[in-house]
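A short write-up of the structure that comes next.
The figures that follow rest on heavy atoms only: side chains count, while hydrogens, waters and symmetry mates do not.
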Amino acid sequence: MGGQNDTSQQINTSKESNAAASKLNDIPEALQEVKKHLGDKEGENIVERTKMAEKKKRKQSNGVDRASSKWKLQKEGKLAAKKAARMLETDNQLIPVPLSHIPLKSLMDVEIELVYIDEEDITYEFAEPVVSTSTQSACHDSEKADALSAPDSSSLPRIDKWLQVTLKDASTCYRQKKYAVAAGQFRTALELCSKGAAMGKPFDSSPHDISSIASFIETKLAICYLKMRKPDLALNHSHRSIILNPAYFRNHLRQAAVFRCLERYPEAARSAMIADYMYWLSGGTEQHISKLIKLYWQAMIEEAITREESFSVMYTPFMTKAKSDKIDKMKDIFTKKHPDYVQHIYTDPHGLHILPQTADWSSPPPQQYLLTLGFRNKDIGKFLEKMSSRKLTIFSEYKAPFSPLTKEESRRHLETVGKKILPIMDFIRSTKLTDNFCACSHVIEKLQYASLLGCLQQVTEESQVINQAMAELASIPYLQDISQQDAELLQSLMADAMDTLEGRRSDKERVWNKIQKVGIIEDFLYQTEDSFLKNKKLRLARRQKMKMKKLQSAQQH
């Protein structure tokens with residue numbers, strides 16, 4: 001919320017420029033408005049979503065298993081019909097269509113309705129089905145009184161009485177717009193939780209209920225700091241609210257709001273995308289809410305493209321695996337439309353992208369697109385393409401895996417990775433829900449980046465990146481089915497990240513550093529083998545040439 005007037009002027013100025021407008025011409029506009037009603041299939045969808053919510057409740061104790069039922073809809077008979085429709089793809093789909101601009105006021109309205117909603121009660125984060133905003137507002141007053149004054153009669157877990165008093169005082173200050181005082185009260189509540197005073201019966205409480213209370217406090221702290229126009233202080237609290245309760249969609253949307261205030265638009269877009277998916281996954285059926293989240297997601301993508309100067313993008317509707325002739329056609333179209341970004345043109349070959357205008361999670365898979373990127377700098381484009389061919393991403397500018405980086409090398413490497421490579425990869429993932437090769441691939445990139453920050457003793461930035469990576473790790477089991485190997489890697493990364501945040505030193509290396517060294521060694525061996533093969537071919541060519549000379553000489557004699 002900080003600097004709204006300045007931000008509004010910057011957004012309006014950037015959108016008036018012809019260059020920015022031409023970049024936005026390559027995102028397809030809304031092919032259809034979000035449906036106002038569920039239509040004839042309303043009953044079927046509600047039953048399916050209710051079943052998923054019930055299965056999710058039964059599996060609360062296992063984070064990986066909780067997400068195992070999310071793709072059940074893929075097995076429905078309508079998938080066959082959708083496949084048949086996808087096969088009707090024509091060359092006309094290669095023509096991109098412009099996107100309409102979304103005013104800043106619309107974003108502020110979304111944040112007021114979904115981000116800054118005054119959820120005074122803790123009960124909303126317990127394992128309850130999602131209800132509409134209108135229903136919540138109608139029932140809030142009576143439910144809060146019952147939950148806080150007579151917890152024994154409620155079906156919800158009983159909260160510690162001192163914690164209740166502290167939270168009530170904090171909420172009172174918040175409603176009086178005394179945000180600094182409210183933040184202090186919420187910090188006190190968080191300390192009470194850390195000392196074990198979360199539940200009225202701590203020995204009978206489940207870890208999930210305690211995490212829900214702590215997540216509620218973290219998200220209230222994030223909101224207070226946003227109201228105080230201090231998004232940098234809100235960032236870690238928004239990450240931790242997701243770590244504690246990744247299934248609640250508002251936590252991801254609040255993280256998106258923090259990223260927006262920090263002008264980190266690609267990351268804000270991804271958080272909004274996950275928020276929309278989590279809303280559907282938890283059984284949300286209110287079309288109005290889903291439409292607002294998609295609007296926010298779309299605006300963040302638009303803003304990211306408008307402000308970007310090093311590359312431009314083009315989304316192309318696609319249904320099947322891209323063939324080389326189709327990719328060549330897309331490159332030709334991109335070259336004609338963006339002649340200033342043709343130093344290196346790259347089409348993301350791994351996984352198809354999803355745009356908010358056509359995202360419908362209840363009918364998997366949604367309309368998908370191929371993403372083409374064009375760069376002003378040839379080296380950045382080639383480096384990005386090289387990384388995309390790996391199963392696990394590593395940033396390897398140096399060739400001595402067992403030698404530590406000097407401060408100068410770390411600073412130069414940080415400049416390349418942090419300001420040139422990671423922002424592009426964040427943008428690519430703003431329309432891509434899952435990773436194709438390895439579920440933890442992008443998290444490993446973040447953690448390697450955090451190691452560079454740690455080497456340069458940038459402790460605050462390192463903490464923020466690690467907390468963000470942990471929030472991603474906590475969300476992964478809800479976004480995609482993961483293998484046993486990925487699950488073990490996820491647990492190892494989470495454990496090492498927590499040890500790093502708590503300042504624990506150990507003789508063993510962190511998982512992401514080991515992966516980086518192995519990748520550098522593999523690169524070295526590959527280059528050595530490639531060099532050897534080239535030299536071998538040269539030697540064979542020389543021998544052949546010598547034989548020909550001897551044969552010609554013998555024939556002359």
Side-chain angles (χ1 to χ4, degrees), residues 55-56 59-71 207-208 210-212 214-215 218 236 238-249 251-252 255 267 270-271 273-275 277-278 281-282 350-351 387-388 390-395 422 425-426 428-429 432-451 454 462-502 504 506 508-519:
K55 288 180 181 179
K56 177 174 167 289
K59 296 178 180 180
Q60 291 290 344
S61 60
N62 191 326
V64 176
D65 290 341
R66 274 183 286 180
S68 62
S69 63
K70 63 180 174 294
W71 292 117
H208 174 74
I210 297 173
S211 295
S212 295
S215 175
E218 293 282 6
N236 272 341
S238 69
H239 295 330
R240 286 196 286 264
S241 69
I242 295 173
I243 296 169
L244 292 163
N245 192 359
Y248 189 59
F249 79 97
N251 289 346
H252 296 277
Q255 183 188 54
E267 292 163 288
R270 177 165 177 80
S271 296
M273 173 178 61
I274 295 175
Y277 181 78
M278 289 295 187
L281 183 63
S282 59
H350 307 301
M387 286 197 305
S388 67
R390 296 182 173 130
K391 183 175 181 180
L392 292 175
T393 304
I394 59 165
F395 302 117
L422 277 180
M425 303 190 80
D426 285 331
I428 291 174
R429 295 181 76 248
K432 193 166 159 182
L433 190 66
T434 60
D435 288 313
N436 303 89
F437 283 145
C438 173
C440 305
S441 178
H442 185 68
V443 179
I444 293 171
E445 299 162 14
K446 291 285 186 184
L447 291 170
Q448 290 173 5
Y449 177 57
S451 292
E462 180 189 17
S463 171
Q464 290 175 346
V465 174
I466 292 178
N467 274 300
Q468 183 182 359
M470 290 177 68
E472 286 269 358
L473 287 170
S475 303
I476 285 173
Y478 295 87
L479 305 180
Q480 65 186 101
D481 295 322
I482 59 177
S483 64
Q484 182 63 31
Q485 183 179 4
D486 282 343
E488 292 173 359
L489 176 60
L490 188 153
Q491 291 172 354
S492 299
L493 290 169
M494 185 71 85
D496 276 4
M498 184 63 71
D499 287 346
T500 304
L501 280 179
E502 294 179 354
R504 296 177 186 171
S506 63
K508 72 181 186 71
E509 283 187 299
R510 303 304 185 199
V511 175
W512 53 88
N513 291 332
K514 288 182 181 179
I515 290 172
Q516 189 174 35
K517 284 189 175 182
V518 171

> Does S215 offer a backbone N or O that forms a donor-acceptor pair with the side chain of N251 under 3.5 Å?
Replying inline: no

> side-chain contact (heavy atoms from CB on, under 4.5 Å) between K446 and D426: does it pass, once the steps are laid out?
Replying inline: CA-CA 10 Å; K446 291 285 186 184; D426 285 331; 3.4 Å; yes

> Y478 and Y277: which non-hydrogen atoms are nearest, and at how many Å?
Replying inline: O-CE2, 3.3 Å

> Can you find a heavy atom in the side chain of S238 that is under 4.5 Å from one in the side chain of I242?
Replying inline: no

>> As an exercise, state the distance from CD1 of I476 to SG of C438, rounded to the nearest 0.5 Å.
In response: 8.0 Å

>> Please find the pair of heavy atoms, one from A471 and one from Q255, that lie closest to each other, and give the distance.
In response: CB-NE2, 4.3 Å

> How many angstroms lie between atom CG of L479 and atom CD1 of I274, to the nearest 0.5 angstrom?
Replying inline: 5.0 Å

>> Between the side chains of E472 and R270, is the shortest nitrogen-to-carboxylate-oxygen separation below 4.0 Å, so that they form an ion pair?
In response: yes

>> Ignoring hydrogens, what is the shortest heavy-atom contact between D486 and C440? Give both atom names and the distance.
In response: O-SG, 4.1 Å

>> For the CE atom of M494 and the CG atom of D499, what is their distance to the nearest 0.5 Å?
In response: 12.0 Å

> Could you state the interatomic distance from CD (Q468) to OG (S271), rounded to the nearest 0.5 Å?
Replying inline: 7.5 Å

> Taking the side chain as C-beta and beyond, is there a heavy-atom pair between H239 and M470 under 4.5 Å?
Replying inline: no

>> Please find the pair of heavy atoms, one from I466 and one from A450, that lie closest to each other, and give the distance.
In response: CG1-CB, 3.7 Å

> So, for Q448 and W512, which heavy atoms are closest and what is the spacing to 0.1 Å?
Replying inline: NE2-O, 3.6 Å

> Quick one: CD1 on I444 to CG on L473, what's the gap to the nearest 0.5 Å?
Replying inline: 9.0 Å

> Rounded to the nearest 0.5 Å, what separation is found between the CZ atom of R429 and the CE atom of M425?
Replying inline: 8.5 Å

>> Please find the pair of heavy atoms, one from N236 and one from Q464, that lie closest to each other, and give the distance.
In response: OD1-CA, 3.3 Å

>> Checking T500 against R510 for the side-chain hydrogen bond (donor to acceptor under 3.5 Å, both in side chains) test, could you report, in this order, the C-alpha distance in whole Å, the side-chain angles of both residues, the deciding distance, and whether it holds?
In response: CA-CA 9 Å; T500 304; R510 303 304 185 199; 3.0 Å; yes

>> Among residues at least two apart in sequence or on other chains, which ones pass ring-ring contact (aromatic ring centres under 6.0 Å, His included) with H252?
In response: none

>> Is there a side-chain contact (heavy atoms from CB on, under 4.5 Å) between R240 and N467? Walk through the geometry before answering.
In response: CA-CA 7 Å; R240 286 196 286 264; N467 274 300; 3.7 Å; yes

> Excluding sequence neighbours, so at least two apart, what forms side chain to side chain donor-acceptor pair (under 3.5 Å) with S475?
Replying inline: none

